J.: 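Once you've had a glance at the structure underneath, I'll fire off some questions.
Bear in mind that the values here come from a model prediction, so they are computed numbers and not experimental data.
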Amino acid sequence: MTTIFDFKTAHHAKDWLVVNDGVMGGISSGHFHIKNEQATFSGTIALDNNGGFSSVRNRNLNQTTATYSTLVLYLKGDGKRYQIRIKASTAEAHSYVAYFTTSGYWETISIPLQDMAPKFRGRPLELPNFNAPRIEELGFLCANKKAEEFILCIASISIA
């Protein structure tokens with residue numbers, strides 16, 4: 001197993017970009033910060049003005065996947081469903097997406113890379129699931145089609 005992000009070490013919040021639905025007129029808000037050996041992605045989802053999502057992403061990866069098959073997340077959520085999103089290349093418009101539901105407790109969630117399906121703006125694409133030799137972007141998205149507050153605490157992200 002190789003650690004991609006371990007927020008106990010010197011990862012910088014500035015490497016992560018929050019993108020909310022304001023890019024299309026919505027008013028949801030999301031925040032990302034690193035403190036107490038964990039990253040926290042939190043905010044409020046609003047459905048006004050065709051909104052409904054908040055995301056955070058890191059585009060500074062250059063992680064090989066050649067000998068790996070699974071993303072391993074150690075996190076604590078609020079019982080809500082989230083998406084983890086990866087891109088083989090930051091030049092691609094689409095992402096590869098997998099859903100996971102948190103338990104409200106610290107837990108390890110394993111996501112097979114081959115189960116990550118291609119999507120663009122929430123719509124499935126007629127492309128194969130993820131099978132690229134590297135990951136250049138990784139992020140999380142909250143978009144459950146309802147107005148809600150959310151909080152996702154992330155201690156580490158690894159690949160196995």
J.: At their closest point, which heavy atom of F7 faces which heavy atom of I154, and how far apart are they?
T.: CD1-O, 3.3 Å
J.: Closer than 3.5 angstrom, by distance alone: can the side chain of E136 be matched with the main-chain N or O of T90 as a donor-acceptor pair?
T.: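 Here the side-chain-to-backbone pair exists.
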J.: Show me the donor-acceptor pairs, under 3.5 Å and distance only, between side chains in residues 27-53 and residues at least two apart or in other chains.
T.:
| unit_1 | atom_1 | unit_2 | atom_2 | d |
| --- | --- | --- | --- | --- |
| S28 | OG | D21 | OD2 | 2.6 |
| S28 | OG | A46 | N | 2.8 |
| S28 | OG | A46 | O | 3.2 |
| N49 | ND2 | G25 | O | 3.3 |

J.: Looking at every non-hydrogen atom in both residues, tell me the closest pair between N129 and A117 and how far apart they are.
T.: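 Scanning both residues completely, I find the closest heavy atoms to be OD1-CA, 3.4 Å.
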J.: I need the single residue from D15, V19, L138 that forms a side-chain contact (heavy atoms from CB on, under 4.5 Å) with R57. Which is it?
T.: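 Result: among D15, V19, L138, V19 is the only option passing the side-chain contact (heavy atoms from CB on, under 4.5 Å) with R57.
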J.: Do Y68 and L71 share a hydrophobic cluster (ILVMFWY, side-chain heavy atoms under 4.5 Å, transitive)?
T.: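 Yes, Y68 and L71 fall within the same hydrophobic cluster.
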J.: For V97, is there any backbone N or O sitting under 3.5 Å from a side-chain donor or acceptor partner on S95?
T.: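 Here the side-chain-to-backbone pair does not exist.
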J.: Nearest 0.5 Å, what's the CZ-OH distance between R85 and Y99?
T.: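 One gets 7.5 Å once the value is rounded to the nearest 0.5 Å.
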J.: Do I111 and L113 sit in the same hydrophobic cluster, where Ile, Leu, Val, Met, Phe, Trp and Tyr count as joined when their side-chain heavy atoms come under 4.5 Å apart?
T.: yes
J.: Can you establish whether the number of heavy atoms outside E107 located under 6.0 Å from its atom CD is more than 12?
T.: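 Atom CD in E107 is crowded, with more than 12 foreign heavy atoms closer than 6.0 Å.
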J.: Between K76 (side chain) and A155 (backbone), is there a donor-acceptor pair under 3.5 Å?
T.: no
J.: Establish whether I157 and I159 are linked, either directly or via other cluster members, by ILVMFWY side-chain heavy-atom contacts under 4.5 Å.
T.: yes
J.: Going hydrophobic residue to hydrophobic residue with side-chain gaps under 4.5 angstrom, can you get from F140 over to I151?
T.: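 Hydrophobic grouping puts F140 apart from I151.
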J.: Using only heavy-atom distances, determine whether the side chains of N20 and S54 contain a donor-acceptor pair under 3.5 Å.
T.: yes
J.: Between T102 and D78, is there a side-chain heavy-atom distance shorter than 4.5 Å?
T.: yes
J.: Is D115 reaching over with its side chain to a backbone N or O of A98, donor-acceptor style, under 3.5 angstrom?
T.: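 Flag not set: sc D115 to bb A98 has no pair under 3.5 Å.
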J.: Hydrophobic clusters here meaning ILVMFWY residues chained together by side-chain heavy-atom distances under 4.5 Å, can you tell me if F5 and V72 are in one?
T.: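 In one cluster with F5: V72, no.
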J.: Under the 3.5 angstrom rule, does the side chain of T65 hit a backbone N or O of P133 as a donor-acceptor pair?
T.: yes
